[in-house]
Visitor: 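My questions all concern the structure below.
We name chains A, B, ... by the order of the sequence lines, and we start the count at 1 in each one. Please read all numbers here as calculations on a predicted model, not as lab measurements.
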Amino acid sequence: MIEIHDLHKYFGTLHVLKGIDLNVEKGEVLSVIGASGSGKSTLLYCINGLEPVQQGRVVVDGTDVHAKGTDINKLRQRLGMVFQQWNSFPHLTALENVALAPKIVKGKSKAEAREIAAQQLRHVGLGEKLAVYPSALSGGQQQRLAIARALAMEPEYMLFDEATSALDPELVGEVLETMRMLAEEGMTMICVTHEMGFARDVSDRVAFFHQGVMEEIGPPEQIFSNAQSEHTRKFLANVR
Amino acid sequence: MFDYNFHWRPVMKSLPDLLDAAFLTLQVAVLAMVLGIIIGLCLALIRMHMKGPIRWLASCWVELARNTPALFQLFFFGFGLGAFGLHLSPYMIVLAGLTFNCAGYLAENFRGGFNAVPDTQLRASRSLGMTAWQAYTRIVIPQVFRIVYHPITNQMVWAVLMSSLGMLVGFRELSGETQFFASRTFRIFEYFAVTAVIYYVIVKLILIASRLLATRLFRY
Ligand SMILES: Nc1ncnc2c1ncn2[C@@H]1O[C@H](COP(=O)(O)OP(=O)(O)OP(=O)(O)O)[C@@H](O)[C@H]1O
Ligand SMILES: [Mg+2]
């Protein structure tokens with residue numbers, strides 16, 4: 001379970017997250033929506049410790065992410081992350097991209113790591129592309145590669161930061177399809193997204209962020225048809 | 001109008017000595033490059049990540065190496081240190097001078113290389129649980145290395161050619177050796193012509209080797 005208590009984040013004097021309280025249960029799929037600059041990406045970065053926080057706590061399965069004694073590299077193995085810009089490692093083949101972290105972070109043998117990698121790549125539909133370098137993959141394929149790479153660490157949670165925003169429209173579907181598959185398999189996911197269809201169909205809950213505040217959270221039916229907050233209604237009217 | 005008689009025999013007789021000297025040239029250039037790459041990488045990292053006097057020192061190194069004549073840099077390690085009572089052998093003078101120069105130039109190349117690798121590569125690596133060291137050595141530096149590969153090759157060529165300055169501090173590398181024979185036999189043109197060919201062949205071999213290595217190293 002991910003527990004976020006009274007989380008505040010500043011960039012210099014800019015107050016980006018203004019006291020977030022949020023729990024995400026095992027098996028849940030949470031979508032996070034909101035205008036650009038409302039702090040959605042920052043929230044994800046604070047959850048896996050890529051950004052330090054100034055106040056409040058993030059606790060993952062009982063471990064405080066930002067506490068001094070926390071082995072952050074170990075904790076990050078529980079938290080897979082997929083970024084907006086597909087960050088495949090250009091100097092490694094698809095298989096090597098996925099096999100590297102299991103080998104050097106988890107200490108798996110080379111053969112074992114490659115086996116895991118091949119399996120994850122097949123899982124996301126890239127079974128034919130094991131020996132290919134990322135430059136020869138489409139954006140959608142590279143993003144699925146990034147998903148496989150995160151999954152190969154066998155994380156408990158997956159954090160998606162607008163995984164489809166940088167893709168050409170015709171490639172969005174295949175990535176959403178992969179995310180949908182993960183959700184059906186029971187993966188716990190926090191998905192920052194602009195894909196309202198995905199948020200509505202796949203998530204258990206939807207959270208709306210506005211200027212660093214979580215204005216509203218609830219099941220998709222409530223957020224999309226019966227939003228309580230004026231800001232939420234305005235935002236949804238604009239994106240649709 | 002042109003009554004110089006070419007005599008190639010003396011040159012041909014000392015060819016084995018010249019080739020030995022050529023080997024010395026190559027050796028000092030390669031050593032200077034290896035040290036220069038290691039130090040240049042450190043200088044680049046210091047200038048990007050550190051503050052205070054150590055950063056200032058690194059910047060001075062880069063500035064001096066790039067903006068003063070290579071010959072003066074050699075003289076510094078020869079006569080400059082000599083004036084303070086520290087006498088290096090000719091070999092060490094040339095090695096130190098070349099290393100100083102190569103490290104300075106390569107530091108700038110490395111800095112450009114690091115800037116060309118997006119931050120997001122580091123973030124993605126760390127998000128997988130890699131330590132900063134792992135992320136740098138496995139993900140960032142291999143990409144930097146590819147970007148600076150051609151500049152490194154050029155610098156290697158430059159190091160070979162620059163080592164000829166060694167003859168001015170009494171080092172009998174290829175140029176020094178040539179000068180030695182030339183002044184003894186007065187067949188100055190013949191000696192330097194042959195030596196020029198040897199330099200040319202060395203440089204060509206470096207370029208060919210570099211190209212072959214690149215096709216093996218960089219498949220992407
Ligand atoms: N490294 C940083 N340094 C300074 N300010 C930052 C940094 N990262 C983000 N910000 C600022 O923090 C605010 C929140 O940014 P964040 O990226 O979390 O927004 P977002 O909701 O993800 O927006 P988008 O939909 O555009 O991705 C923005 O005003 C942004 O300019
Ligand atoms: Mg964002």
Visitor: Please check if atom NE2 in B:His150 has more than 12 non-hydrogen atoms from other residues, nucleotides or ligands closer than 6.0 Å.
Guide: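 Counting neighbours around NE2 of B:His150, 12 or fewer heavy atoms of other residues, nucleotides or ligands fall under 6.0 Å, so no.
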Visitor: Considering heavy atoms only, which positions within residues 94-129 of chain A lie below 4.5 Å of chain B?
Guide: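 So the qualifying residues are A:Leu100, A:Ala101, A:Ile104, A:Val105.
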Visitor: I need the residue from B:Arg146, B:Gln143, B:Arg123, B:Arg138 with the largest number of non-hydrogen atom pairs under 4.5 Å to chain A.
Guide: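 Winner by heavy-atom pair count: B:Arg123.
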Visitor: Mind ranking A:Arg76, A:Met81, A:His91 by heavy-atom pairs under 4.5 Å with chain B and telling me who comes out on top?
Guide: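 Sorted descending by pairs with chain B, the first entry is A:His91.
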Visitor: Among residues 136-165 of chain A, which ones touch chain B with a heavy-atom distance under 4.5 Å?
Guide: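 Answer by number: A:Arg149, A:Ala150, A:Met153.
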Visitor: For A:Ser88, which atoms come within 4.5 Å of any heavy atom of chain B: side chain, backbone, both, or neither?
Guide: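 The answer is the backbone of A:Ser88.
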Visitor: Crowded around B:Phe218 CZ? As in, over 12 foreign heavy atoms under 6.0 Å?
Guide: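 Enclosed: over 12 neighbouring heavy atoms sit under 6.0 Å from CZ of B:Phe218.
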Visitor: Looking only at non-hydrogen atoms, find the nearest pair between A:Phe83 and B:Ser127 and report the distance.
Guide: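 Looking at all heavy atoms of both residues, the shortest contact is CE1-OG, 3.7 Å.
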Visitor: If we count only N and O atoms by modelled type, under 3.5 Å, do the side chains of A:Asn87 and B:Thr120 hold a donor and an acceptor together?
Guide: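 Per modelled atom types, A:Asn87 and B:Thr120 side chains form a pair under 3.5 Å.
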Visitor: What is the distance from atom CG of A:Asn73 to atom CZ of B:Arg126, rounded to the nearest 0.5 Å?
Guide: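 The CG atom of A:Asn73 sits 5.0 Å away from the CZ atom of B:Arg126.
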Visitor: Counting neighbours of OH on B:Tyr200 that are heavy atoms of other residues, nucleotides or ligands and sit closer than 6.0 Å, is the number greater than 12?
Guide: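 Not more than 12 within 6.0 Å, no.
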Visitor: Do other residues, nucleotides or ligands put more than 12 heavy atoms under 6.0 Å from B:Phe72 CZ?
Guide: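 Counting other residues, nucleotides and ligands, CZ of B:Phe72 stays at 12 neighbours or fewer.
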Visitor: Under a 4.5 Å heavy-atom cut-off, does chain B meet the side chain of A:Phe89, its backbone, both or neither?
Guide: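 Both backbone and side chain.
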